[in-house]
> 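Below is one structure. I have some questions about it.
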There are 2 protein chains.
Amino acid sequence: MTMSNTGGRRKPPTIHDVARVAGVSRGTVSRVLNGGHYVSPAAQEAVNAAIRKTGYVVNRHARSLITGRSDSIGFLLTEPQEKLFEDPNFNVLLRGCTQALAAHDIPLLLMVAGTEDERRRIMRYITAGHVDGVLLVSSHSGDPVAEQLRDAGVPLVQCGKPMGLGSKVSYVAADDRDGARDMVRHLLSLGRRRVGMVTGPLDTPGGVDRLAGYKEVLTEAGVEIDERLIVSGDYSRASGEAGAGRLLERVPDMDAVFVASDLMAQGALTALRRAGRRVPEDVAVGGFDDSAAATESVPALTTIRQPYDRISNEMVRVLLAQIGGEDPAAVILPTELVLRDST
Amino acid sequence: MTMSNTGGRRKPPTIHDVARVAGVSRGTVSRVLNGGHYVSPAAQEAVNAAIRKTGYVVNRHARSLITGRSDSIGFLLTEPQEKLFEDPNFNVLLRGCTQALAAHDIPLLLMVAGTEDERRRIMRYITAGHVDGVLLVSSHSGDPVAEQLRDAGVPLVQCGKPMGLGSKVSYVAADDRDGARDMVRHLLSLGRRRVGMVTGPLDTPGGVDRLAGYKEVLTEAGVEIDERLIVSGDYSRASGEAGAGRLLERVPDMDAVFVASDLMAQGALTALRRAGRRVPEDVAVGGFDDSAAATESVPALTTIRQPYDRISNEMVRVLLAQIGGEDPAAVILPTELVLRDST
DNA sequence: TTCTCTACTGTGAACGCTCACAGAAGCATG
DNA sequence: CATGCTTCTGTGAGCGTTCACAGTAGAGAA
C-alpha cells in the first residue's frame with residue numbers, strides 16, 4: 001500500500017471488487033448482501049471475508065436506482081418554527097425515531113416546513129419518491145399535508161391523533177383521555193373538590209380528549225362541572241401563566257388545577273406564586289407530558305407521563321409495516337401517573 | 001388519463017419523458033437542469049414547459065450514481081444522548097442548519113452516535129460517500145471522530161473550537177473570550193468587586209476561553225484574582241447549582257457571579273435563592289448562551305448571546321465551500337451582551 | 001441410464017441520469 | 001471557397017446495483 005490518501009477520498013470498492021476477491025460473481029455477492037438465500041455456505045463465507053477485507057459498503061444510490069426504494073425516511077415537522085423550541089417533547093421524539101430507524105440501518109432526513117415555500121419544496125421531494133415514508137409531527141391539526149401525502153400514496157405515520165377521523169392515516173398517540181382521568185382522580189383523592197383546568201388547544205384531539213377525561217371523572221365523582229374553572233391555553237408557558245391567573249380571579253378558592261402540559265404548568269406555578277398561593281398546600285398542580293420541564297420546575301410537577309420512547313418506536317414500526325404493504329394502523333399507548341411535589 | 005391512482009405510487013416521469021414532450025434530447029434537458037449553459041432560449045423554454053407539464057423531479061439516486069456526489073449532508077451528534085435533552089442550543093442549531101441547507105435544496109441526514117456501535121455504523125456510512133460532508137456537534141472535545149473524518153478526506157465543519165489546534169479542521173464558533181470579557185466588564189461596571197465564576201468544563205476550548213476572558217478583565221481592572229471565587233462545572237443545571245453553593249460557602253459576601261452557561265445559571269439562581277440571597281440586589285448573576293433558559297428563569301438572566309442563527313449559516317457556508325474544494329476555515333463570530341433582570 | 005428436482009451460480013439487461021464526444025449550423029475571416 | 005470559431009444539439013457509454021433468466025451440478029427416483 002504505497003497509495004497516498006491525504007486529501008481527496010479514495011474511490012470505494014464496488015460489488016465487483018468483492019466478487020473478484022471472493023472468486024464469485026456479482027450475483028452471488030448481491031444475494032449474500034440481501035439475506036443470503038440460495039447461497040452455499042462456502043460462498044457465503046468467502047463473500048463475507050472479501051467484504052471485510054475490502055471494506056465494501058453498498059452504494060445505496062445504485063441500489064435505489066434499481067429497486068425504486070430509497071431506504072430512507074423523512075421526519076417532517078410542520079409546526080410553525082417557534083414551537084420547535086418551546087416544545088421539549090420534540091427532542092425526545094426526534095431522538096427516539098432516529099435511533100429506532102438506525103436499528104434498521106435507515107437514515108432519517110429531517111424536514112422542517114416552516115414557510116409555504118418550504119412546504120411545497122418538501123412535498124415535491126417526498127412525492128418524487130426520495131423517501132419511502134414519512135413520520136409526521138404536527139399538532140396543528142387542520143394540516144392538509146397529511147391528506148396530501150396520503151393521496152399521493154406515501155406511507156405516513158402521524159404523531160398524535162389526527163382531527164378528521166375518517167382520514168384513514170396511521171397514527172401513534174398516548175391515551176390522552178385516560179391520562180387526564182388518572183390525573184383528575186388523583187387530585188380528587190387528595191380531597192380537592194374545586195379542581196380547575198387549563199386545557200390545550202381545543203381544535204386538536206389531544207386538547208379535546210384531555211378535557212373530556214377531566215369532565216368525565218368529575219361527573220363520575222358527583223362533582224358538578226363549573227365552567228368558570230375551565231380555561232383554554234395553547235401549550236405555551238405564557239398561556240399557562242395567563243390561564244391560571246384567570247382561574248384564580250374567577251374562583252379564588254380553587255384548590256387544585258390540572259394543566260394540560262408541563263410547560264403550561266410551569267407558567268401556572270409562576271401565576272400561583274405571584275398570587276401568594278402555596279403549591280401544593282393551597283393549590284395542587286398536575287401537569288401533562290412528563291417533559292424536562294416537570295422536574296425542573298419548583299416544586300417538581302406531578303404529571304402524566306407520555307411514553308415518548310415507545311411512541312417513537314411504534315411510529316417507526318407502523319411506518320415500516322406500512323411500507324411493507326400493510327394497512328394503516330392506529331396505536332394508542334397507555335400513560336402513567338408520576339407523583340412529585342406539586343400535589 | 002384512465003389510469004387508476006388509488007393505492008400505490010405512480011411511476012414518476014423521467015428525463016426521457018421530458019425530452020420527448022419538449023421535442024429535444026436527454027442531453028439538452030440535462031443541460032437545462034444543470035444551469036442552462038449552451039442551450040438556446042427556445043429549447044430552454046420548451047424544456048421548462050415540459051417539466052411543468054409532466055411534473056418532473058430529478059431522480060437524485062441516478063444523478064448521484066454518476067456524479068459521485070450524494071447532494072446531501074450529515075448532521076452528526078456525538079454527545080452522550082442525555083445532553084441532547086438538556087442542551088437548549090442544540091435545537092436552534094439543528095433548525096438553523098436544516099433551513100440553511102434547504103435553501104440549497106440539500107437534505108440533512110440526522111445522525112446520533114450515542115453508543116460505540118452507532119458510531120461505527122455511522123462512520124462506515126459516511127466514509128462510504130453517502131454524504132458529501134458533515135456538520136459535527138460535539139463539545140466533548142477529545143472526540144476522535146473529527147480526526148477520523150478528516151483523515152478519511154470527508155469535508156467537515158465543527159461547531160465550536162476544537163481542542164487540538166493543529167488538527168486543521170474547519171470550525172465555527174462564537175467569540176467565547178470576548179463574550180466573557182463583556183460580561184465581566186458589565187459586572188464590574190455595576191460596582192461589584194467580588195465576582196465569582198462557575199466555569200464550563202476546562203477540557204474544552206469554550207470552557208477555557210470564557211475563564212480566560214474573566215481573568216483578563218479582572219486583572220485589567222486591578223482586581224486580584226481569587227481562586228476561591230472560581231469553581232468549575234459541566235454546563236448542566238445541577239453543576240451550576242452545586243458550583244454557586246460552593247462559592248457562597250467559600251466567599252459569603254460574593255456580590256456577583258459569572259456562570260458559563262444559562263442552564264448552569266438557572267441552577268445558580270436556585271442555590272442563591274436557597275441561601276437567602278436576592279438577585280440582583282445581593283448577587284448579580286450573568287449567564288452565557290442566551291438560550292431559552294435565560295428568559296424562562298426568574299429573574300430573567302442577563303447573558304451573552306451566542307449568534308446561533310449566524311453560526312448555523314456559517315457552518316453550512318463553510319462546509320459547502322469546502323466541498324467545493326476550498327481549504328478548511330475557522331470562523332469566529334461576535335457575541336452580544338443582553339441585559340435583563342439578573343444584574 | 002435417464003429423468004426430474006433442488007440447490008446453487010453466472011450473465012446480460014436495466015434503472016435514470018451525466019459526461020465526453022462528435023457533429024451541425026451559423027457567421028466571420030482569410 | 002475553405003477555414004476556423006462559437007454556439008448549440010444528439011448519442012453512446014457507463015455509474016453500481018438488482019433482477020430475471022439460463023444454466024450447471026449433484027442427488028434421488030424411475
Side-chain angles (χ1 to χ4, degrees), chain A residues 9-48 50-51 54-72 105 124-125 127-132, chain B residues 9-48 50-51 54-72 105 124-125 127-132:
Chain A
R9 297 155 91 157
R10 196 150 54 245
K11 199 171 182 182
T14 73
I15 203 173
H16 216 104
D17 300 322
V18 175
R20 197 166 27 73
V21 171
V24 298
S25 72
R26 283 162 21 240
T28 300
V29 176
S30 178
R31 275 183 287 265
V32 171
L33 253 33
N34 296 284
H37 298 301
Y38 287 100
V39 182
S40 68
Q44 183 94 243
E45 183 41 48
V47 169
N48 281 326
I51 288 175
T54 55
Y56 170 79
V57 178
V58 67
N59 182 325
R60 299 171 98 108
H61 300 304
R63 171 182 285 172
S64 293
L65 183 55
I66 185 159
T67 60
R69 284 173 288 120
S70 70
D71 289 318
S72 66
D105 209 34
R124 210 171 341 122
Y125 187 88
T127 51
H130 290 314
V131 294
D132 295 339
Chain B
R9 298 154 91 157
R10 192 143 66 243
K11 199 171 182 183
T14 74
I15 203 173
H16 216 103
D17 299 322
V18 175
R20 198 166 25 74
V21 171
V24 298
S25 71
R26 286 164 17 240
T28 301
V29 177
S30 177
R31 275 183 288 265
V32 171
L33 252 34
N34 296 285
H37 298 301
Y38 287 100
V39 181
S40 68
Q44 182 93 243
E45 184 41 48
V47 168
N48 282 326
I51 287 175
T54 55
Y56 170 78
V57 178
V58 66
N59 181 325
R60 298 171 99 107
H61 299 305
R63 172 183 283 173
S64 293
L65 184 54
I66 185 159
T67 61
R69 285 173 288 122
S70 70
D71 290 317
S72 67
D105 208 34
R124 211 171 340 124
Y125 187 88
T127 52
H130 290 313
V131 295
D132 295 338

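Lettering follows sequence order; numbering is per chain, from 1. The structure presented is a predicted model; accordingly, all values stated were derived computationally and were not measured.
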> What stems show up for DNA chain C when you take Watson-Crick pairs (N1-N3 plus N6-O4 or O6-N4) and G-U wobbles (N1-O2, O6-N3), both under 3.5 Å, and require three or more consecutive pairs?
C:1-30 with D:1-30

> Mind listing the closest non-hydrogen atom pair of A:Y56 and A:I15 along with its distance?
CE1-N, 3.4 Å

> Mark up nucleotides 16-22 of chain C, 5' to 3', with B wherever a protein heavy atom is under 4.0 angstrom from a base atom, S wherever such an atom reaches only the sugar-phosphate, and - elsewhere.
BSB----

> Among A:V131, A:V58, A:D132, whose side chain to side chain contact (heavy atoms under 4.5 Å, CB included) with A:D71 holds?
A:D132

> Can you see which heavy atom on B:D17 is nearest to which on B:T14, and at what distance?
OD2-N, 2.8 Å

> Rounded to whole Å, how long is the line connecting atom CD of A:Q44 with atom C1' of C:dT9?
14 Å

> Without decimals, in angstroms, what is the distance between B:D17 CG and C:dC15 P?
11 Å

> Short question: side chain of B:T67, backbone of B:R63 - any donor-acceptor pair under 3.5 Å?
yes

> Using atom CG of A:D71 as one end and atom C1' of D:dT18 as the other, report the distance to the nearest whole Å.
12 Å

> Locate the shortest heavy-atom distance separating B:H61 from A:L65; write the atom from each residue and the value.
CB-N, 4.3 Å

> Once ring-ring contact (aromatic ring centres under 6.0 Å, His included) is applied, do any residues pair with A:Y125, and if so which ones, sequence neighbours excluded?
A:H130

> Verify the contact: side-chain N or O of A:T28 to OP1 or OP2 of C:dG10, cut-off strictly under 4.0 Å; return yes or no.
yes

> After noting the C-alpha distance and the side-chain angles of B:D105 and B:R60, does the key distance pass the salt bridge (charged side-chain N to carboxylate O under 4.0 Å, His left out) rule?
CA-CA 11 Å; B:D105 208 34; B:R60 298 171 99 107; 3.7 Å; yes

> Report yes if at least one side-chain N or O of B:S64 is closer than 4.0 Å to OP1 or OP2 of D:dC15; otherwise report no.
no

> What's the verdict on side-chain contact (heavy atoms from CB on, under 4.5 Å) for B:R31 and B:H37, showing C-alpha distance, side-chain angles and the deciding distance?
CA-CA 7 Å; B:R31 275 183 288 265; B:H37 298 301; over 6 Å; no

> Round to a whole Å and report the spacing from OH of A:Y38 to C1' of D:dC19.
15 Å

